[in-house]
4 protein chains.
Amino acid sequence: MDGKEKILAAARKVISKHGSNRATVRAIAEEAGLSTGAIYHYYKNKDDILYDLLDDSLSDSTRIAKGIHQQEGTKTKIKLDVLQKTEERFYKEAENRLQYHFAHEILLGNKDLQGKFQEKYKEWNLRIEEILVNLYGLEDTRLNKALTSWLLGAVDGVILQHLLEVNETSVDDMMEVFQLLLDKGLPQFVAVLNEEE
Amino acid sequence: MDGKEKILAAARKVISKHGSNRATVRAIAEEAGLSTGAIYHYYKNKDDILYDLLDDSLSDSTRIAKGIHQQEGTKTKIKLDVLQKTEERFYKEAENRLQYHFAHEILLGNKDLQGKFQEKYKEWNLRIEEILVNLYGLEDTRLNKALTSWLLGAVDGVILQHLLEVNETSVDDMMEVFQLLLDKGLPQFVAVLNEEE
Amino acid sequence: MDGKEKILAAARKVISKHGSNRATVRAIAEEAGLSTGAIYHYYKNKDDILYDLLDDSLSDSTRIAKGIHQQEGTKTKIKLDVLQKTEERFYKEAENRLQYHFAHEILLGNKDLQGKFQEKYKEWNLRIEEILVNLYGLEDTRLNKALTSWLLGAVDGVILQHLLEVNETSVDDMMEVFQLLLDKGLPQFVAVLNEEE
Amino acid sequence: MDGKEKILAAARKVISKHGSNRATVRAIAEEAGLSTGAIYHYYKNKDDILYDLLDDSLSDSTRIAKGIHQQEGTKTKIKLDVLQKTEERFYKEAENRLQYHFAHEILLGNKDLQGKFQEKYKEWNLRIEEILVNLYGLEDTRLNKALTSWLLGAVDGVILQHLLEVNETSVDDMMEVFQLLLDKGLPQFVAVLNEEE
DNA sequence: TATGAATGAGGTTTCATTCAT
DNA sequence: AATGAATGAAACCTCATTCAT
């Protein structure tokens, strides 16, 4: 593991352990077994570390999204895959924390990050749309993007509830409703949308 | 406008303009036309200002939630009300930013705040459940709380997308899908849930 | 009780309760049931309050010292009186704290206070000398002032030990040794001093 | 001289020049030729600097106390040693100021410091007792600790008088009386105590 | 007399970043 | 490559004092 990787791993660990506010350069350096000065041999500044971290995290998500699509299976298999990947997200605390750390950064005015997020959201929406087309025959309606945004938002919102520990419902119950949505809710709702046009 | 109100207004303004990290005591004081010392005449410390802000914001939300329920109208009227309140949330930037600021604080380990959020989420879930019962005849199923959590999460997640400016879909389109959900999606999905038991 | 008295009483209470560091003008004002502004009608500044307080405290001590001397009694009676007044000092926590508060102020460079303390120490040394003359026939030796300073210092030092709670010995034991000093130690030691000349 | 030592030396200097209240981090940093931030490279916070200073000062005192005892000399030599160390204490202004600074801190409620002082006082009392046993044949009486506390208190009290500059008597005169006490006062007074039992 | 809002200097602390070694 | 001492700006907070009312 070379310098940059070591630093990224350390940053990930520090953020998921102590939150992004405690992710000082010094803390990252210590976790990486380096001096603070050494950090600056690999990265121009702290933000660059976080950018790299985000890139990793985002390309991870994209890989998953792509993974779902590339599965050439029956509809049942795809649905199972979606279910599984979604459930896994509940348990990826480090990644989730990281994601919300970056969201926070954007809220503070970081335009670079915002650009990256915009791209990624566009891509995720696209993936979800493809899945909806494959699974439920969603047509090319005016409201496609709104639907995928709601679905994406729902997962994000619910993940946040779990991170914050403000949702008393078990992950199992949450997933059961999600499965019902995939099995019985969405087929009908996609039909509604298709008719609208 | 007395001291505390002036400070709260200034804090709200600073947060919605520059984000919560730039909401320093100095910045708030300047915005309020006060010296930093004067702030401490009214508030013991910075956190107390933000807590007050949160309380305002949360009790606002609760007031809205209660407002919807207490409307003794036809189902159509209740639905209209829900739609309107939801749409309004998209435009309350200061409040929304504040909410995510506090979410961030909780992720950093603030247990007090977590307690407040837990309470509020419980209450909101209850309100949503009541509405679902009234509008769609939702019965007392095992998965009620999971459903309301998903709905609450969806709105939160979508609001975050708009704050982050990562959602290219217009608020109008988002609301149109939401209306379809209320009109045609939820009636059917609630029926699915009722049958499950 | 007029303004100044009320303020002095409040200051005394605050200092003995929370120590001199917490004796802020605001705290004193609150304890006195006044606003901070009102304090400045009675006193030019905070130091003046403390000066007055010191004057009170010092004249108290002096009154005691004088009281001992003015007692026209047998030597036994005077000794009993000295013993009693000394023992009482152990229990006057507020006054003792106050005294050490002012000592601290002097160490910080307050020259006015120093002048007052110098005067008082001179006076106390004089009183002690008178008592030694009366009780033990101390003559006018070159070392009289050194002896009285040691005696005065011993009491001050031991009082401080008790304030700090670093002296495990009971007040009773301390007083028993003090009594032995008065009864058997000093008569002989004064004789030693008288012979030295 | 490394960082910590430089800082401790600076702190000692600032305290003896301007008193403990003016011993701000800024002042210490300036005296040490450092920026304020640099201080925190070596010490977690200001208190830790002062604790280190106290430890130094206390272990110094203890070393002296032990030094006296370990001298295997004639009684005359031990007495000379005690006299010399005591006289030296009069001139260690920085250490003395420091001691009273910490006493003040204890009066403000610092329990940690109190614990350290309690330990040290216990130890010093023990040393003094040993010396009294060696020099004057003090037996194991009930009042031993009271006697040592008085002696310790006397020195502390007299040192304070000199710090406060309220004692007009010269150090020479004070020491002369102290010598008489060691030579003629204590032998007789210890005999009194031994008989008491 | 009395209030209490307001000031402003100065306190401790944090931390990204630089730089001599 | 690497160290870690050092910087300096900026954060929160305290408090004696002033002043319009």
Side-chain angles (χ1 to χ4, degrees), chain A residues 2-4 6-7 21-30 32-50, chain B residues 1-4 6-7 20-30 32-50, chain C residues 2-4 6-7 21-30 32-50, chain D residues 1-4 6-7 20-30 32-50:
Chain A
D2 80 336
K4 283 202 169 197
K6 211 159 55 178
I7 291 170
N21 261 26
R22 295 281 173 247
T24 65
V25 172
R26 203 179 279 204
I28 293 171
E30 261 168 40
L34 290 172
S35 66
T36 57
I39 298 288
Y40 289 85
H41 273 282
Y42 296 99
Y43 282 101
K44 204 173 95 278
N45 54 38
K46 190 188 172 186
D47 274 356
D48 279 11
I49 301 176
L50 300 182
Chain B
M1 191 156 63
D2 81 335
K4 282 202 168 195
K6 206 159 61 179
I7 291 169
S20 55
N21 257 30
R22 298 282 173 245
T24 65
V25 172
R26 247 200 277 275
I28 293 171
E30 262 167 40
L34 291 173
S35 65
T36 58
I39 299 290
Y40 292 88
H41 186 69
Y42 296 98
Y43 283 101
K44 209 170 92 281
N45 53 42
K46 189 189 171 184
D47 274 357
D48 278 11
I49 300 176
L50 300 183
Chain C
D2 80 335
K4 284 202 167 192
K6 211 158 57 178
I7 291 170
N21 262 26
R22 296 280 173 247
T24 64
V25 172
R26 205 180 277 206
I28 294 171
E30 261 168 39
L34 290 172
S35 66
T36 58
I39 298 286
Y40 289 86
H41 273 280
Y42 295 101
Y43 283 101
K44 203 172 96 278
N45 54 38
K46 190 189 175 187
D47 274 355
D48 279 11
I49 300 175
L50 300 183
Chain D
M1 191 157 62
D2 82 334
K4 282 202 169 195
K6 207 160 59 180
I7 291 168
S20 56
N21 257 30
R22 297 284 173 246
T24 64
V25 172
R26 253 198 273 274
I28 293 171
E30 262 168 39
L34 292 172
S35 66
T36 59
I39 299 290
Y40 290 87
H41 186 68
Y42 296 97
Y43 283 101
K44 210 172 89 282
N45 54 40
K46 188 189 171 185
D47 273 357
D48 278 11
I49 300 176
L50 300 183

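The sequence lines fix the lettering, A, B, ..., with proteins before strands; numbering per chain opens at 1.
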Problem set entry | Under 3.5 Å donor-acceptor, C:N45 side chain and C:D48 backbone |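 Judged by distance alone, yes, a pair lies under 3.5 Å.
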Taking only the side-chain heavy atoms of [X] (C-beta and beyond), determine which of [options] contains the nearest atom.
X: B:T24; options: F:dC12, E:dG4, F:dA2; answer: F:dC12
X: B:Y40; options: F:dT14, E:dT17, F:dT7; answer: F:dT14
X: A:Y42; options: F:dA1, E:dT12, F:dT3; answer: F:dA1
X: D:T36; options: E:dT18, F:dC12, E:dT13; answer: E:dT13
X: D:N45; options: E:dT3, E:dT13, F:dT17; answer: E:dT13

Would you list the atom pairs, donor with acceptor, under 3.5 Å between side chains in residues 35-44 of chain A and any protein atom, with sequence neighbours excluded?
residue : atom : partner : partner atom : Å
A:S35   : OG   : A:A38   : N            : 3.2
A:Y43   : OH   : A:D52   : OD2          : 2.6

Euclidean distance, atom [atom1] of residue [X] to atom [atom2] of [N] [Å, nearest integer]:
X: A:I39; N: E:dA16; atom1: CD1; atom2: P; answer: 11 Å
X: A:I7; N: E:dA16; atom1: CD1; atom2: P; answer: 14 Å
X: D:D2; N: F:dG4; atom1: CG; atom2: P; answer: 14 Å
X: C:D47; N: F:dC15; atom1: CG; atom2: P; answer: 15 Å
X: C:K44; N: F:dA16; atom1: NZ; atom2: P; answer: 15 Å
X: B:Y43; N: F:dT14; atom1: OH; atom2: P; answer: 16 Å
X: D:K4; N: F:dG4; atom1: NZ; atom2: C1'; answer: 15 Å
X: A:H41; N: E:dT17; atom1: NE2; atom2: C1'; answer: 13 Å

Problem set entry | Spacing of CG belonging to A:L34 relative to CD1 belonging to A:I28, to within rounding of 0.5 Å | 11.0 Å
Exercise. Rounded to the nearest 0.5 Å, how far does CD1 of D:I7 lie from CD1 of D:I49?
Worked result: 6.0 Å
Problem set entry | Nearest-nucleotide comparison on DNA chain F, the residue closer to the 5′ end among C:A23 and D:G37 | D:G37
Problem set entry | Along DNA chain F (nearest heavy atom to each residue), the more 5'-positioned of D:K6 and C:K46 |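 Here D:K6 is the residue nearer the 5' end.
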Seminar exercise, completed: A correct dot-bracket answer for DNA chain F, with pairs being Watson-Crick or G-U at under 3.5 Å, [ ] for crossing pairs and | for inter-strand pairs, is .||||||||||||||||||||
For this session: Determine: side-chain N/O of A:S35 to OP1/OP2 of F:dG4, distance under 4.0 Å, yes or no.
Result: no
For this session: With P as the reference atom in both, quote the distance from E:dT1 to F:dT21 in angstrom, rounded to an integer.
Result: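 Rounded to whole Å, the distance is 23 Å.
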Problem set entry | Closest contact, heavy atoms only, A:T24 versus A:K46 | CA-NZ, 4.4 Å
Problem set entry | Minimum heavy-atom distance B:A27-B:R22, with the two atoms named | CB-O, 3.6 Å
Exercise. Under the 3.5 Å rule, do the base of E:dG11 and the side chain of D:R26 count as making a donor-acceptor pair?
Worked result: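 Result: at least one qualifying N/O pair found.
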Exercise. Toward the 5' end of DNA chain E, which comes first, B:G33 or D:A38, by nearest nucleotide?
Worked result: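 Result: B:G33.
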